[in-house]
Amino acid sequence: MKQAKIKRWSCQIRVEVSRDIELVRQMSETGCQTVYIGFESINPDSLKEMQKGQTVDDVKNSIRIFRNFGINVHGMFILGADSDTKDTAAMTSKFCRDSGLTSVQYMILTPLPGTELYRKLEKEGRLLHKRWDYYDAMHVVFQPKFLTPVELQQGMIECFSDFYSVTHAFHDALNVFFVTSINAVRRLHHRVYFPSWVSPLVKLFGKRVVKKWLAFNGSYLGYLKVITESDSGRK
């Protein structure tokens, strides 16, 4: 890649890559702009359930290391594991807001046909329907263990709305301005990496995407509310 003089590139990797500092340094020097990492969860029990082989501290350290080398981090998280509760979405949202992630992707745990998860949930009678166009990791299609379908769906929506907001974009813009100013002085004596303006811009653009998604999926949210109310009535 150095010989080819590639200026910009991105990749999808695992958390373990950040443990090799020399590798991360070379990624930065060869023009790596963004890494896409499936962190999956900040709930320790959910990480064990998913057999990720990583801890929440591993997630934090990975984000910090890539940021220190001027590489943007796109974090991907899954909501809805059996270990998740009503508080998981709020905890995940706060973590993403405070950790310095450039962008995020929240997904609903989805039992795709042919998988062990699908067979398990079907056997337990927890599938809500088999309308495959909604099996896209953005819609709740099963009955969660410790919360209602609408609570899980709303939790994902709130995570997106909280991260992709004008307030968050403004905060990032201020941070980029101050860090850039400080590093401009530090670079006289040390090698430094300047923060990217991508983060605040992505958050503003993401706000529009979230708004459009909500407008398009209003009927499905209504469907989940009906299911939740029906289940409450039977109980």
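Note that the coordinates shown come from a computational prediction; the quantities given were computed from them, not determined experimentally.
The main-chain N or O of Ile157 is found under 3.5 Å from a side-chain atom of Ser161 such that the two form a donor-acceptor pair. A donor-acceptor pair under 3.5 Å is formed between the side chain of Arg67 and the backbone N or O of Gly100. Thr34 places no side-chain N or O within 3.5 Å of a backbone atom of Val73 that could act as its donor or acceptor partner. Checked by atom type and distance alone, the side chain of Glu29 never pairs as donor or acceptor with a backbone atom of Met27 at under 3.5 Å. Within the 3.5 Å criterion, the main-chain N or O of Val59 finds no donor-acceptor partner in the side chain of Ser62. Panel note: side chain Tyr164, backbone Val104; a donor-acceptor pair is recorded below 3.5 Å. A donor-acceptor contact shorter than 3.5 Å is absent between the side chain of Asp58 and the backbone of Gln54. Between the Thr110 side chain and the Ala137 main chain, a donor and an acceptor come within less than 3.5 Å of each other.
Closest of all the heavy-atom pairs between Met50 and Ala81 is CE-CB, 4.1 Å. Contact record, Val202 with Ser103: CG1-CB, 3.8 Å, taken as the closest heavy-atom pair. The shortest non-hydrogen separation linking Tyr118 to Lys130 is OH-CE, 3.2 Å. The heavy-atom pair separating Cys96 from Leu101 by the smallest distance is SG-CD1, 3.9 Å. The shortest non-hydrogen separation linking Gly80 to Phe142 is O-CZ, 3.4 Å. Of all the heavy atoms in Ser46 and Ser41, the pair that sits closest is CB-OG, 3.5 Å.
Remark: Lys52 NZ to Glu40 CD distance equals 4.0 Å, nearest 0.5 Å. Between Ile13 atom CD1 and Phe66 atom CZ the span is 3.5 Å, to the nearest 0.5 Å. The distance from atom CD of Glu16 to atom CG of Leu23, rounded to the nearest 0.5 Å, is 12.5 Å. Put simply, CG on Asp57 and OG1 on Thr55 are 5.0 Å apart, with the number rounded to the nearest 0.5 Å. Between the OG1 atom in Thr115 and the CD atom in Glu122 there is a gap of 10.0 Å [rounded to 0.5 Å]. One finds the NZ atom of Lys60 at 14.0 Å from the CD1 atom of Ile65 (value rounded to the nearest 0.5 Å).
Here the side chains of Asp82 and Glu49 are in contact, with some heavy-atom distance below 4.5 Å. Proximity of Met1 to Gln26: side-chain heavy atoms (C-beta onward) are nowhere separated by under 4.5 Å. With contacts defined as side-chain heavy-atom distances shorter than 4.5 Å, the pair Ile108/Met138 does not qualify. Taking the side chain as every heavy atom from C-beta outward, Leu109 and Leu79 never approach each other to under 4.5 Å. Residues Lys203 and Ser165 fail the side-chain proximity criterion, which asks for heavy atoms closer than 4.5 Å. Two residues are said to be in side-chain contact when any heavy atoms from C-beta on lie closer than 4.5 Å; Tyr135 and Pro111 meet this criterion. You'll find the side chain of Met76 reaches within 4.5 Å of the side chain of Gln12, heavy atoms only. Side-chain atoms of Val56 and Leu47, non-hydrogen and from C-beta on, do get closer than 4.5 Å to each other.
Of the candidates Val150, Thr148, Leu152, Leu224 forms a side-chain contact (heavy atoms from CB on, under 4.5 Å) with just one, namely Val150.
No side-chain N or O of Ser83 forms a donor-acceptor pair with one of Asn43 less than 3.5 Å apart.
By the criterion of side-chain heavy atoms lying less than 4.5 angstrom apart, applied directly or through intervening Ile, Leu, Val, Met, Phe, Trp or Tyr residues, Met91 is grouped together with Ile78 in one hydrophobic cluster. There is a path of hydrophobic side-chain contacts, each under 4.5 Å, that joins Trp132 to Leu121. Using a 4.5 Å cut-off between side-chain heavy atoms of Ile, Leu, Val, Met, Phe, Trp and Tyr, with links allowed through other members, Tyr36 and Phe77 fall into different hydrophobic clusters. Note on Ile71: it clusters hydrophobically with Ile21, by side-chain heavy-atom contacts below 4.5 Å among ILVMFWY residues. One hydrophobic cluster, built from ILVMFWY side chains closer than 4.5 Å, cannot hold both Val209 and Phe160; they sit in different ones.
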Self-check item: Step-by-step side chain to side chain contact (heavy atoms under 4.5 Å, CB included) determination, Tyr223 to Leu128
Solution: CA-CA 11 Å; Tyr223 161 74; Leu128 300 181; 4.0 Å; yes

Quiz item: Can Ser18 and Asn61 be said to form a side chain to side chain contact (heavy atoms under 4.5 Å, CB included), step by step?
Solution: CA-CA 8 Å; Ser18 60; Asn61 290 332; 5.9 Å; no

Quiz prompt | Trace of the side chain to side chain contact (heavy atoms under 4.5 Å, CB included) decision for Phe163 with Thr92 | solution = CA-CA 10 Å; Phe163 191 86; Thr92 303; over 6 Å; no

Exercise. Output, in order, the C-alpha distance, side-chain angles, deciding distance and verdict of side chain to side chain contact (heavy atoms under 4.5 Å, CB included) for Tyr134 and His129.
Key: CA-CA 9 Å; Tyr134 288 107; His129 58 74; 3.9 Å; yes

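Taking 4.0 Å as the cut-off between side-chain N and carboxylate O, Lys120 and Glu116 do not count as a salt-bridged pair.
Under the 6.0 Å cut-off for aromatic ring centres, Trp213 and His139 qualify, their centroids lying closer than that.
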